[in-house]
Amino acid sequence: MPTTPVNESLFRLGLNDALPISEETTTSRVVVNNDVLRTVIFTFDAGQMLTEHASTKAVVVTLLEGEMDFSIGERNERMKAGDVIYLAPNDRHALTAVTPCRMELVMVDVNSGA
């Protein structure tokens, strides 16, 4: 996977067109990837899910479009477009798309020294 230089600005345009929400599918596209952070755009059709898992990195989730049920440990919330979640490193989480959704995930390496 190509690395995005930390010290170079860039544009990533046309992502909604390049990553449409597809029927009965979850898709993703890495937008930025380097030692400090990784940004990924996901699309989910209604009913698609990610089973419980964790990341060693700090994570910010922004729901860009649609509605989804998101759980962190025992807490469950219904997210709507514009809602944001912060996940501390190693917090277990899962999600289910209630409607077709588009989500941005930003992972930050808290051990990178940045």
Side-chain angles (χ1 to χ4, degrees):
M1 171 176 322
T3 299
T4 308
V6 173
N7 59 349
E8 291 181 26
S9 299
L10 64 91
F11 287 96
R12 293 283 193 242
L13 305 174
L15 291 171
N16 284 355
D17 292 334
L19 194 64
I21 298 172
S22 299
E23 194 171 317
E24 298 183 14
T25 305
T26 297
T27 56
S28 65
R29 167 93 32 108
V30 176
V31 179
V32 175
N33 183 45
N34 58 43
D35 292 338
V36 178
L37 67 90
R38 180 177 169 134
T39 302
V40 183
I41 301 293
F42 285 88
T43 64
F44 303 90
D45 194 12
Q48 296 296 304
M49 62 180 63
L50 291 180
T51 58
E52 188 177 64
H53 62 285
S55 172
T56 58
K57 299 179 180 185
V59 178
V60 175
V61 176
T62 304
L63 189 59
L64 303 172
E65 183 180 327
E67 290 186 18
M68 70 172 44
D69 290 333
F70 202 104
S71 65
I72 303 171
E74 297 299 316
R75 183 174 178 181
N76 297 296
E77 295 289 342
R78 172 75 43 101
M79 291 182 74
K80 296 182 180 181
D83 290 345
V84 175
I85 294 174
Y86 169 74
L87 293 165
N90 302 309
D91 271 359
R92 299 197 60 75
H93 56 280
L95 66 87
T96 301
V98 176
T99 66
C101 295
R102 185 177 308 275
M103 176 183 85
E104 179 185 47
L105 184 81
V106 178
M107 295 174 276
V108 178
D109 188 347
V110 294
N111 298 311
S112 70

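Starting from 1, each residue takes its place in the sequence as its number. Keep in mind that the numbers below use all heavy atoms, side chains included, and drop hydrogens, waters and symmetry copies. None of these values were measured; they are calculated from a predicted model.
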Report summary line: Sequence neighbours excluded, the answer for side chain to side chain contact (heavy atoms under 4.5 Å, CB included) partners of T96 is M49
Report task. Step by step, work out the side chain to side chain contact (heavy atoms under 4.5 Å, CB included) result for M79 and I85. Result -> CA-CA 9 Å; M79 291 182 74; I85 294 174; 3.2 Å; yes
Query raised in the report: Transitive ILVMFWY cluster of I21 at side-chain heavy atoms under 4.5 Å: who else is in it?
Result: none
Query raised in the report: Hey, are the side chains of L105 and V59 touching, using non-hydrogen atoms and a 4.5 Å cut-off?
Result: yes
Ignoring hydrogens and angles, write down the donor-acceptor pairs under 3.5 Å from the side chains of residues 66-73, residues two or more places apart or on other chains.
residue: D69; atom: OD1; partner: R78; partner atom: NE; Å: 2.4
residue: D69; atom: OD1; partner: R78; partner atom: NH2; Å: 3.2
residue: D69; atom: OD2; partner: R78; partner atom: NH2; Å: 3.2

Query raised in the report: Linking I/L/V/M/F/W/Y whenever any side-chain heavy atoms sit under 4.5 Å apart, do L95 and V98 land together?
Result: no
Requested in this report: Hey, could you give me the OG1/CG distance between T26 and D45, rounded to the nearest 0.5 Å?
Outcome: 8.0 Å
**Report entry** Counterpart residues, side chain to side chain contact (heavy atoms under 4.5 Å, CB included), relative to Y86 (two or more places apart)
**Finding:** A58, V60, A88, P89
Query raised in the report: Are the side chains of V6 and D35 in touch, meaning some heavy atoms are under 4.5 Å apart?
Result: no
Report task. Might you point out which heavy atoms bring V30 and N33 nearest each other, and give the distance in Å? Result -> CG1-CB, 3.8 Å
Query raised in the report: Which pairs with one or both residues in residues 4-25 pass side chain to side chain donor-acceptor pair (under 3.5 Å), sequence neighbours excluded?
Result: N16-R102
Query - Candidate list I41, V84, L15, test side-chain contact (heavy atoms from CB on, under 4.5 Å), partner E104, passing option - result: I41
**Report entry** Pairs flagged by ring pair (Phe, Tyr, Trp, His ring centres under 6.0 Å) wherever residues 18-43 is involved - sequence neighbours left out
**Finding:** F42-F44
Query raised in the report: Are K57 and V108 close enough that some pair of their side-chain heavy atoms sits under 4.5 Å apart?
Result: no
Report summary line: In terms of heavy-atom contacts, A94 and T51 come closest through CB-C, 3.9 Å
Query raised in the report: Any side-chain heavy-atom pair from L63 and C101 closer than 4.5 angstrom?
Result: yes
Query raised in the report: Out of curiosity, does V31 fall in the hydrophobic cluster containing L64 (side-chain heavy atoms, cut-off under 4.5 Å, transitive links)?
Result: yes
Query raised in the report: So do the side chains of V61 and M103 get within less than 4.5 Å of each other, counting heavy atoms only?
Result: yes
Report summary line: Shortest non-hydrogen pair, T27 vs L19, comes out as OG1-CD1, 3.6 Å
